[in-house]
Protein chains: 2
Amino acid sequence: MTGDRLDAAFMALADPTRRAIVARLARGDATVTELAEPFSISMPAISKHLKVLERSGLITRSRQAQTRPCHLEREPLDAAIDWIETSRQLWNARFDKLEAHLHAVQATPSKKGTSR
Amino acid sequence: MTGDRLDAAFMALADPTRRAIVARLARGDATVTELAEPFSISMPAISKHLKVLERSGLITRSRQAQTRPCHLEREPLDAAIDWIETSRQLWNARFDKLEAHLHAVQATPSKKGTSR
DNA sequence: CCCTTACTGAACCAAAAGGTTATATAACTG
DNA sequence: CAGTTATATAACCTTTTGGTTCAGTAAGGG
C-alpha cells in the first residue's frame with residue numbers, strides 16, 4: 001500500500017547529502033541557505049535535493065518573508081524504520097527457530113537421527 | 001566512521017527490487033534462481049542486484065554445487081536503522097524541549113515576557 | 001565426454017541522477 | 001521604483017543505474 005511512499009523515502013535517503021540535510025533538520029527547522037552552508041555544492045543543487053526530499057514526504061516547506069524554512073516530517077522516517085525492522089524481526093525469528101530446533105535436538109538425542 | 005558503509009546500505013535499499021530480495025532473504029537463505037522467480041526481469045539483472053547487495057554488505061554468498069545460496073547479513077540493516085533512529089530521536093527531543101518550554105511558560109506566566 | 005543447470009561477465013543502451021551556469025521570481029528595503 | 005536577498009527554473013552536461021542480449025564458466029548427471 002505505502003509501497004510507493006516507502007520507495008520515495010528510501011530513494012531520498014540513499015544520497016549522503018540528503019541524509020546530512022535530514023540529520024540537520026532533525027535538530028530543528030532551517031532555511032535553504034542554512035542547509036546549504038555545510039556543503040560545497042551550488043544552491044540549485046541543494047534546491048534539487050530539497051525537492052526530492054519534499055516529494056518523498058520527508059520534509060515540508062513553508063514561507064517566511066523571502067526564506068523557505070524546511071521542516072522534517074516524522075512519518076516517512078517511521079515508515080522506513082518499520083520496513084527495516086520487519087525484515088530484521090523475520091531474520092531474528094528465523095534464527096530463534098533454528099536455536100529452538102538445536103535445543104530440541106540436544107534435549108532428545110535419541111530422536112530425529114542425532115546419531116554421532 | 002561507518003559513513004561509507006551506511007552509504008552503500010542505503011543505496012542498496014533504495015531499489016524496490018533489492019528491497020524485495022532483502023525481504024525474501026529475511027525469511028531464509030535462497031538461491032539466485034529462487035530469488036529471481038517473483039520478478040519479470042532477466043537473470044543477469046538479478047545477478048547485478050545481488051552484486052550491489054553483496055558489495056553493500058547486506059548479503060553474503062556461498063557455493064553449494066552449482067547454486068549460490070544468498071544469506072542476509074544483519075549488521076548493515078542495523079546500521080541503517082541506527083541512523084534513522086538517531087534522527088528520529090533528535091526530532092523527538094526537539095519536540096519534547098518545545099513542550100517543556102511551553103509548560104514552563106504556562107507555569108510562570110509573569111516571567112520571560114509571556115505578555116501577549 | 002557431452003549436456004543440462006545455475007549462474008556470471010561483457011558489451012551495449014536509454015533513462016535518471018547529480019552537478020553546473022545563467023536566468024527568473026518573490027519579497028523585503030531604501 | 002530600484003536594489004538586494006533568498007530561492008527556484010531552465011538548459012545543459014556527465015556519470016550512474018537498471019535493464020537488455022549474447023556469450024562464457026562451473027559443477028553435477030547420463
Side-chain angles (χ1 to χ4, degrees), chain A residues 3-25 28-72 76 80, chain B residues 3-25 28-72 76 80:
Chain A
D4 235 25
R5 225 175 151 57
L6 196 61
D7 223 55
F10 271 110
M11 282 279 201
L13 292 176
D15 184 86
T17 302
R18 284 193 297 263
R19 274 207 313 287
I21 290 175
V22 166
R24 165 63 188 79
L25 288 175
D29 295 4
T31 69
V32 179
T33 313
E34 282 164 0
L35 289 173
E37 197 262 320
F39 306 102
S40 51
I41 61 177
S42 67
M43 285 293 289
I46 296 289
S47 219
K48 277 192 185 181
H49 281 308
L50 291 177
K51 188 175 275 184
V52 172
L53 287 168
E54 190 175 30
R55 272 189 311 183
S56 78
L58 275 162
I59 70 167
T60 48
R61 279 185 281 186
S62 50
R63 184 176 276 285
Q64 216 174 100
Q66 306 104 309
T67 75
R68 309 289 310 273
C70 299
H71 175 82
L72 185 63
Chain B
D4 236 25
R5 224 174 153 57
L6 196 62
D7 223 56
F10 271 110
M11 283 279 202
L13 292 175
D15 184 86
T17 303
R18 285 194 295 265
R19 274 208 313 287
I21 290 175
V22 166
R24 166 62 188 79
L25 287 175
D29 296 2
T31 68
V32 178
T33 313
E34 282 164 0
L35 289 174
E37 197 263 321
F39 306 102
S40 50
I41 59 178
S42 66
M43 284 293 288
I46 297 288
S47 220
K48 276 191 186 181
H49 281 308
L50 291 176
K51 187 174 278 186
V52 172
L53 287 168
E54 190 176 30
R55 272 188 311 183
S56 78
L58 275 163
I59 70 166
T60 48
R61 281 186 280 186
S62 51
R63 185 176 274 285
Q64 216 173 101
Q66 307 105 307
T67 74
R68 309 289 309 274
C70 299
H71 175 81
L72 184 64

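Below, chains carry the letters A, B, ... as their sequence lines are ordered, and counting in each starts from 1.
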*Under a 4.5 Å cut-off applied to non-hydrogen side-chain atoms, are I21(B) and R24(B) in contact?*
no
*In residues 52-61 of chain B, which ones come under 4.0 Å of DNA chain C, going by heavy atoms?*
R61(B)
_5' precedence on DNA chain C between K48(B) and P69(B) (nearest-nucleotide basis)_ = P69(B)
*Per D15(A) side chain, nearest of listed nucleotides dT9(D), dA6(C), dG18(C)*: dG18(C)
*Within the pair H49(B) and dT17(D), is there a side-chain N or O less than 4.0 Å away from OP1 or OP2?*
no
_Between dG24(D) (P) and M43(B) (CE): distance, integer Å_ = 19 Å
*What is the distance from CG of L35(A) to C1' of dA8(D), rounded to the nearest Å?*
15 Å
_The side chain of I41(B) is closest to which nucleotide in this list: dG19(D), dC7(C), dC22(D)?_
dG19(D)
*Which listed nucleotide (dT9(D), dT8(C), dG19(C)) is nearest to the side chain of A45(A)?*
dG19(C)
*Side-chain contact, heavy-atom cut-off 4.5 Å: R68(B) with T31(B)?*
no
*Short side-chain N/O contact from S47(B) to OP1 or OP2 of dC7(C), under 4.0 Å*: no
*What string of B, S and - do you get for nucleotides 25-30 of chain D 5' to 3' if you count protein non-hydrogen atoms under 4.0 Å?*
-SBS--
_Strictly distance-based, threshold 3.5 Å: is any side-chain N or O of R18(A) a donor or acceptor partner for the main-chain N or O of M11(A)?_
yes
*Going by heavy atoms in the side chains, are D7(A) and R19(B) under 4.5 Å from each other?*
yes
*asked:* Tell me the closest heavy-atom pair linking G57(A) and R5(A), and the distance in Å.
replied: CA-NH2, 4.3 Å
*Just how far, in rounded Å, is C1' of dC7(C) from CZ of R68(B)?*
8 Å
*Side chain to side chain, V22(A) and L53(A), heavy atoms closer than 4.5 Å*: yes
*Nearest-Å distance, NZ (K51(A)) to C1' (dA10(D))?*
11 Å
_side chain to side chain contact (heavy atoms under 4.5 Å, CB included) involving E54(B) - partner list, sequence neighbours excluded_ = I59(B), R61(B)
_Test item: C70(B) and L50(B) side chains (from C-beta on) under 4.5 Å apart, heavy atoms_ = yes
*Give one of base, sugar-phosphate or nothing for S42(B), where a contact means two heavy atoms less than 4.0 Å apart.*
base
*Closest to the T17(B) side chain: dG19(D), dT21(C), dC22(D)?*
dG19(D)
*asked:* What is the distance, to the nearest angstrom, from the CZ atom on R19(A) to the C1' atom on dG18(C)?
replied: 15 Å
*Would you say dG18(D) has OP1 or OP2 under 4.0 Å from some side-chain N or O of R18(B)?*
yes
_Just the rounded figure in Å: distance from P of dT9(D) to CD1 of I46(A)._
15 Å
*asked:* Less than 4.0 angstrom between a side-chain N/O of T33(B) and OP1 or OP2 of dC7(C), yes or no?
replied: yes
*Quick one: are I46(A) and I41(A) in side-chain contact, heavy atoms under 4.5 Å?*
yes
*Within the structure, does a side-chain N or O atom of T31(A) lie under 4.0 Å from either OP1 or OP2 of dA6(D)?*
no
*F39(A) CZ to dT20(C) P: how many Å, rounded?*
13 Å
*Is there side-chain contact between H49(B) and L35(B), with heavy atoms separated by less than 4.5 Å?*
no
